[in-house]
Amino acid sequence: MLSEYQKFFTGRPTPQIAKDLLGRLLIFHGPQGDVGGWIVETEAYVGEQDSASHAFGGRRTNYSESLYGMPGDLYIYQIRSHYCIDIVVQNQEEPQGVLIRAIEPAVGVEQMIKNRGQDGFNLTNGPGKLMQALGIQSRSMDGQPMERAKLKVDLKAERHVPQKIEAGPRIGVNAKGKDALKPYRFIVAGNPYVSKMKRRDADDLTHGWRN
C-alpha cells in the first residue's frame, strides 16, 4: 500500500507531476545544516517508449535500477562530473521520472554559496549546479525513498505558486531521438534561476511567483 507521500508521485501523467513539482521545496538535511530552495524547472521522462529516457527500449542496468523503484524514490545519476537528481514516478516497474533542473535558493543560502564557490543566479540554475550547491557529490542516496531520505521534496511546506508555467523541449537530450522535441520541460516563467534564462526574459521583481 502506498503512503500519502508516495501517492503524490503516481496516479496521473508524469508531465502533470512535473508541473506540480514547480514551487515545491527541495530540501537537503546536510552535515552543515539544512539547504535547499523552490523548484523552478523540471523535465518529465516517460519510460521505455521515450527516446530520451534512461529506460528507452527496455534498457535496464544496475546503474539505472532505482528508476524501476517505488514512486517518490530517488534516482541519482552522474553525467560526466555532474550529479543529477531524478525522482521516480508512477508505479513500481514503470521506469518514469522527473528531473529537477533548477531551484531558487531559499534555505541555507550562505552554505550553498560556500559549497559552489560562487553566488548569483548561476548558483543553482542547472541540475549539476544545484546538486553541487546542496553539497551532494555522490550517489549514496540513490534508490532511497524521499519520504525518509535526507534529500526530499517537502510536500508539507507551503507551495510557491507560479504566475505562469511554460513548456518546451528538454535540454541536452539526443537531438536525433524521436522524442527530442517533446514539450516535457517545465519552467516557472520569468524566474531568473531557470537554466538558460535570458536576462531580458527574467522577472527580477516577482521571480515569476504569485504574490
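Index from 1, following the sequence. Values reported hereafter were calculated over all heavy atoms of this structure, with side chains retained and with hydrogens, waters and symmetry mates removed.
- For the residue pair Pro71 and Thr10, the shortest heavy atom distance occurs at CB-CB, 4.1 Å.
- Lys182 contributes atom NZ, which lies 7.5 Å from atom OG of Ser51 (distance to the nearest 0.5 angstrom).
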task: Evaluate the criterion salt bridge (Lys or Arg N to Asp or Glu O under 4.0 Å) for residue pair Arg159 and Asp154; output intermediate values, then yes/no.
output: CA-CA 9 Å; Arg159 184 191 181 198; Asp154 187 349; over 6 Å; no

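- For an aromatic pair to be called close, the ring centres must be under 6.0 Å apart, and His54 with Tyr77 satisfies this.
- Note that Arg148 lies outside the cation-pi zone of Tyr5, set by a 6.0 Å cut-off to the ring centre and a 45° limit from the axis.
- Ala44 approaches Thr14 most closely through the heavy-atom pair CB-CG2, 3.8 Å.
- Side-chain atoms of Asn191 never come within 3.5 Å of backbone atoms of Val188 as a donor-acceptor pair (strictly under, hydrogens ignored).
- Because its NZ or CZ atom is not both nearer than 6.0 Å to the ring centre of Tyr83 and within 45° of the ring axis, Arg139 does not count as a cation-pi partner of that residue.
- A distance of 11.5 Å separates OG in Ser53 from OH in Tyr184, rounded to the nearest 0.5 Å.
- Asp86 places no side-chain N or O within donor-acceptor distance of the main-chain N or O of Ile76, the cut-off being under 3.5 Å.
- To the nearest 0.5 angstrom, Ile100 atom CD1 is 11.5 Å from Arg24 atom CZ.
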field: Worked check of side chain to side chain contact (heavy atoms under 4.5 Å, CB included) between Val153 and Ile87
entry: CA-CA 9 Å; Val153 176; Ile87 301 170; 3.7 Å; yes

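- A parallel orientation is assigned to the rings of Trp38 and His160, their planes being inclined by less than 30° (bins at 30° and 60°).
- Under 4.0 Å is where a charged nitrogen must lie from a carboxylate oxygen, and between Lys198 and Asp201 no such pair does.
- The shortest distance between side-chain heavy atoms of Tyr193 and Glu41 does not fall below 4.5 Å.
- Atom NZ of Lys196 is surrounded by 12 or fewer heavy atoms from other residues, nucleotides or ligands within 6.0 Å.
- The CG atom of Leu134 sits 14.0 Å away from the NZ atom of Lys150 when rounded to the nearest 0.5 Å.
- Contact annotation: the side chain of Val88 never approaches that of Leu74 to less than 4.5 Å [non-hydrogen atoms, C-beta and beyond].
- The side-chain heavy atoms of Leu151 and Phe28, taken from C-beta on, include a pair separated by under 4.5 Å.
- No side-chain heavy atom of Ile113 sits under 4.5 Å from any side-chain heavy atom of Gln118.
- Under 3.5 Å, the side chains of Asp20 and Gln16 contain no donor-acceptor pair of N or O atoms.
- Heavy-atom minimum distance, Arg116 versus Lys129: CD-O, 3.4 Å.
- Using a 4.0 Å cut-off between charged side-chain N and carboxylate O, Asp204 and Arg199 make a salt bridge.
- Side chain to side chain, Ser195 and Asn125 fail the donor-acceptor criterion of an N or O pair below 3.5 Å.
- Counting only distance, with no hydrogens or angles, the side chain of Lys114 and the backbone of Ala133 share no donor-acceptor pair below 3.5 Å.
- Atom-to-atom distance recorded for Gln78:CD and Met131:CE is 10.0 Å, nearest 0.5 angstrom.
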- prompt: Yes or no on side chain to side chain contact (heavy atoms under 4.5 Å, CB included) for Asp73 and Met146, after CA distance, side-chain angles and deciding distance?
  reply: CA-CA 6 Å; Asp73 284 2; Met146 278 197 304; over 6 Å; no

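- Geometrically, Arg12 does not engage Phe9 in a cation-pi contact defined by less than 6.0 Å to the ring centre and at most 45° from the axis.
- Nearest heavy atom pair, residue Cys84 against residue Leu99, reads CB-CD1, 3.9 Å.
- Taking 4.5 Å as the limit, every side-chain heavy atom of Ser64 sits out of range of all side-chain heavy atoms of Arg59.
- For the 3.5 Å distance criterion, the side chains of Glu65 and Tyr63 fail to qualify, holding no donor opposite an acceptor.
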- request: Step by step, work out the side chain to side chain contact (heavy atoms under 4.5 Å, CB included) result for Ile103 and Met112.
  value: CA-CA 12 Å; Ile103 62 174; Met112 294 170 76; 4.0 Å; yes

- prompt: Hey, mind stepping through Glu94 and Leu67 against side chain to side chain contact (heavy atoms under 4.5 Å, CB included) and telling me if it holds?
  reply: CA-CA 8 Å; Glu94 293 183 26; Leu67 192 54; over 6 Å; no

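- Ionic pairing of Arg60 and Glu93 is present here: one or more N-O contacts between side-chain nitrogen and carboxylate oxygen are shorter than 4.0 angstrom.
- The shortest heavy-atom contact between Gln163 and Thr206 is NE2-OG1, 2.9 Å.
- A cation-pi geometry, defined here as NZ or CZ lying under 6.0 Å from the six-membered ring centre and within 45° of its normal, does not hold between Arg101 and Phe186.
- Distance CD1/Ile39 to CD1/Ile187: 15.0 Å, rounded to 0.5 Å.
- Without hydrogens or angle criteria, Gln6 side chain to Ser3 main chain gives a donor-acceptor distance under 3.5 Å.
- Closest heavy-atom contact between Gln92 and Met70: OE1-SD, 3.4 Å.
- With contacts defined as side-chain heavy-atom distances shorter than 4.5 Å, the pair Phe8/Leu21 qualifies.
- For the pair Leu26 and Ile85, the minimum side-chain heavy-atom distance is below 4.5 Å.
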